[in-house]
Amino acid sequence: MIRSTSSPDLLEALEANMVAFWSSYGRADKCRLEASRDIVWFYTGIQHSICNGVVSVTGASKAVWAAHDALGQSIASQGAPAFWWIGPHSPAGLGAALTKRGLQPAGELPGMAIVLEALNDEPEVPADFRVEKVDTVAMQALWAKTCAIGTGFSEPTSNAFAEIEATLSDPDYRAQFRYLGILNGVPVASSALVLDSGVAGVYAVATIEAARRRGIGRYMTEMALREARLLGYRVGILQSSSVGHPIYRKIGFRDVCTYQLCLQS
């Protein structure tokens with residue numbers, strides 16, 4: 001169990017937690033997951049780069065270029081692009097080396113962490129808002145569709161994401177939590193909680209456009225963290241978009257590392 005954001009094991013735990021979240025999608029039917037000590041990557045064929053890619057790379061160049069070539073074959077066959085997440089334990093100069101191979105720089109995202117004891121009072125949300133924990137196949141699909149729409153996926157891509165989510169049932173996936181936010185009876189928000197490697201990881205925080213700026217996204221994040229705290233976890237982590245970063249800072253998260261993204265297409 002990671003007990004503080006100054007732990008020397010935090011960054012390794014942060015990356016392992018992210019691997020745990022995305023690996024479930026690589027294990028889905030007709031998808032691919034390749035995991036070794038040096039590199040972990042998955043490919044779903046969903047037409048959005050965040051749904052395919054390398055989520056951990058720590059090892060030698062042989063493993064890197066084998067993954068690059070295998071991903072390239074999948075991309076050539078199915079047309080869906082992929083992200084490389086280059087993190088704090090990745091080989092030095094990897095981003096530049098990938099760029100030389102034709103990948104496109106796609107910006108940077110912070111890895112963030114929070115001591116769960118620091119969570120303040122629950123934020124206010126509309127009186128007609130409630131959260132349900134996903135526990136059926138139908139809810140899995142609904143959660144994924146809501147998440148995809150809130151993230152900005154196209155309708156065909158949202159449908160593909162929902163279709164894959166509804167097939168996930170392995171024990172590692174079942175150990176995770178999915179939350180669906182409902183406003184006036186309509187699904188409007190999502191979040192996920194992954195309890196792995198001694199930290200509580202929050203993922204897939206999204207709110208559809210019509211329900212934004214009402215504190216719902218913040219509530220979906222904090223609610224997951226509060227559940228983790230009740231279960232004995234001390235530290236929460238996430239990877240933040242530029243849009244979400246100010247909100248997470250207000251909650252109490254701080255930047256602990258940076259991920260460089262490269263796009264393979």
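Around NZ of Lys250, the count of heavy atoms belonging to other residues, nucleotides or ligands within 6.0 Å does not exceed 12. Counting heavy-atom neighbours within 6.0 Å of Gln176 CD, excluding the residue itself, gives a total above 12.
In the hydrophobic clustering of ILVMFWY residues, with side-chain heavy atoms under 4.5 Å counting as a link, Tyr203 and Val19 come out together. Hydrophobic clustering (side-chain heavy atoms under 4.5 Å, transitive across Ile, Leu, Val, Met, Phe, Trp, Tyr) keeps Val134 apart from Tyr179. At a threshold of 4.5 Å between side-chain heavy atoms, the hydrophobic network of Ile, Leu, Val, Met, Phe, Trp and Tyr places Phe177 and Met139 in two separate groups. Side-chain heavy atoms closer than 4.5 Å link hydrophobic residues (I, L, V, M, F, W, Y) into clusters, and following such links, possibly through other members, connects Ile237 to Ile50. The hydrophobic cluster containing Met220 does not contain Leu180, counting ILVMFWY residues as joined when their side-chain heavy atoms lie under 4.5 angstrom apart, directly or transitively.
Going from atom CE of Met223 over to atom OG of Ser191 covers 4.0 Å, rounded to the nearest 0.5 Å. We find the CD1-OG distance between Ile149 and Ser154 to be 10.0 Å, quoted to the nearest 0.5 Å. Rounded to the nearest 0.5 Å, atoms CZ (Arg27) and CG (Leu168) are 9.0 Å apart. Between Ile164 atom CD1 and Asn159 atom CG the span is 12.0 Å, to the nearest 0.5 Å. For the atom pair SG of Cys262 and CD1 of Ile86, the computed distance is 4.0 Å after rounding to the nearest 0.5 Å. For the atom pair CG of Leu116 and CZ of Arg3, the computed distance is 12.5 Å after rounding to the nearest 0.5 Å.
Using a cutoff of 4.0 Å between basic side-chain nitrogens and carboxylate oxygens, Asp135 and Arg178 are not scored as salt-bridged. Ion pairing between a basic and an acidic side chain is recognised when a charged N comes within 4.0 Å of a carboxylate O; Arg229 and Glu222 show no such pairing.
Looking at every heavy atom in both residues, Leu225 comes nearest to Leu119 through CB-CD1, 3.8 Å. Of all heavy-atom pairs between Phe21 and Ala204, the closest is CZ-CB, 4.5 Å. Here the closest heavy-atom approach between residue Val64 and residue Gly59 is recorded as CG2-O, 4.3 Å. Listed here is the closest heavy atom pair of Ala228 and Leu195: CB-CD2, 3.9 Å. Counting all heavy atoms, side chain and backbone alike, Leu33 lies closest to Phe42 at CD1-CB, 4.1 Å. Closest of all the heavy-atom pairs between Glu15 and Ser56 is OE2-OG, 2.7 Å.
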Task: Pair Arg218-Glu122, salt bridge (Lys or Arg N to Asp or Glu O under 4.0 Å): steps then yes or no - done: CA-CA 9 Å; Arg218 177 172 179 171; Glu122 292 188 15; over 6 Å; no
Open item on the list: side chain to side chain donor-acceptor pair (under 3.5 Å), that's the test. Do Tyr219 and Glu124 meet it? Break it down for me.
Closed with: CA-CA 8 Å; Tyr219 184 85; Glu124 294 184 4; over 6 Å; no
Task: Leu103 and Leu263: CA distance, side-chain angles, deciding distance, side chain to side chain contact (heavy atoms under 4.5 Å, CB included) verdict - done: CA-CA 5 Å; Leu103 275 68; Leu263 178 67; over 6 Å; no
- [ ] Applying side chain to side chain contact (heavy atoms under 4.5 Å, CB included), run through Thr5 and Arg254 and close with a yes or a no.
- [x] CA-CA 9 Å; Thr5 55; Arg254 68 178 185 91; 3.3 Å; yes
Task: Worked check of side chain to side chain contact (heavy atoms under 4.5 Å, CB included) between Val205 and Ser190 - done: CA-CA 5 Å; Val205 178; Ser190 66; over 6 Å; no
TODO: Any chance you could lay out the side chain to side chain contact (heavy atoms under 4.5 Å, CB included) test for Phe253 and Leu238, step after step, and finish with the verdict?
DONE: CA-CA 9 Å; Phe253 279 92; Leu238 52 77; 3.5 Å; yes
TODO: List the steps and the verdict of side chain to side chain donor-acceptor pair (under 3.5 Å) for Ser4 and Ser7.
DONE: CA-CA 5 Å; Ser4 90; Ser7 168; 5.7 Å; no
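For the 3.5 Å distance criterion, the side chains of Thr44 and Asn52 qualify, holding a donor opposite an acceptor. In summary, the side chains of Glu165 and Tyr173 do present a donor paired with an acceptor at a separation below 3.5 Å, with no hydrogens or angles considered.
Using a 4.5 Å heavy-atom cutoff, the side chains of Tyr259 and Met18 are in contact. The shortest side-chain heavy-atom distance between Asp255 and Tyr248 does not fall under the 4.5 Å cut-off. The shortest side-chain heavy-atom distance between Leu98 and Pro105 does not fall under the 4.5 Å cut-off. Two residues are said to be in side-chain contact when any heavy atoms from C-beta on lie closer than 4.5 Å; Ile2 and Arg234 fail this criterion. Here the side chains of Leu183 and Asp128 are in contact, with some heavy-atom distance below 4.5 Å. Using a 4.5 Å heavy-atom threshold, the side chains of Arg174 and Ser169 count as touching. Side-chain atoms of Ile247 and Thr221, non-hydrogen and from C-beta on, never get closer than 4.5 Å to each other. The shortest side-chain heavy-atom distance between Val131 and Ile182 does not fall under the 4.5 Å cut-off.
Counting only residues at least two apart or on different chains, the side chain to side chain donor-acceptor pair (under 3.5 Å) pairs with a member in residues 71-93 are Trp84-Gln264.
Distance alone, capped at 3.5 Å, places no donor-acceptor pair between the Arg32 side chain and the Gly45 backbone. At distances below 3.5 Å, not a single donor-acceptor pair connects side-chain atoms of Ser49 with backbone N or O atoms of Ala82. Panel note: side chain Asn17, backbone Val194; a donor-acceptor pair is recorded below 3.5 Å. Panel note: side chain Thr157, backbone Phe153; no donor-acceptor pair is recorded below 3.5 Å.
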Got a list of side-chain donor-acceptor pairs under 3.5 Å for residues 106-115, not counting sequence neighbours?
none

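With ring centers used as reference points, Tyr25 lies under 6.0 Å from Phe161.
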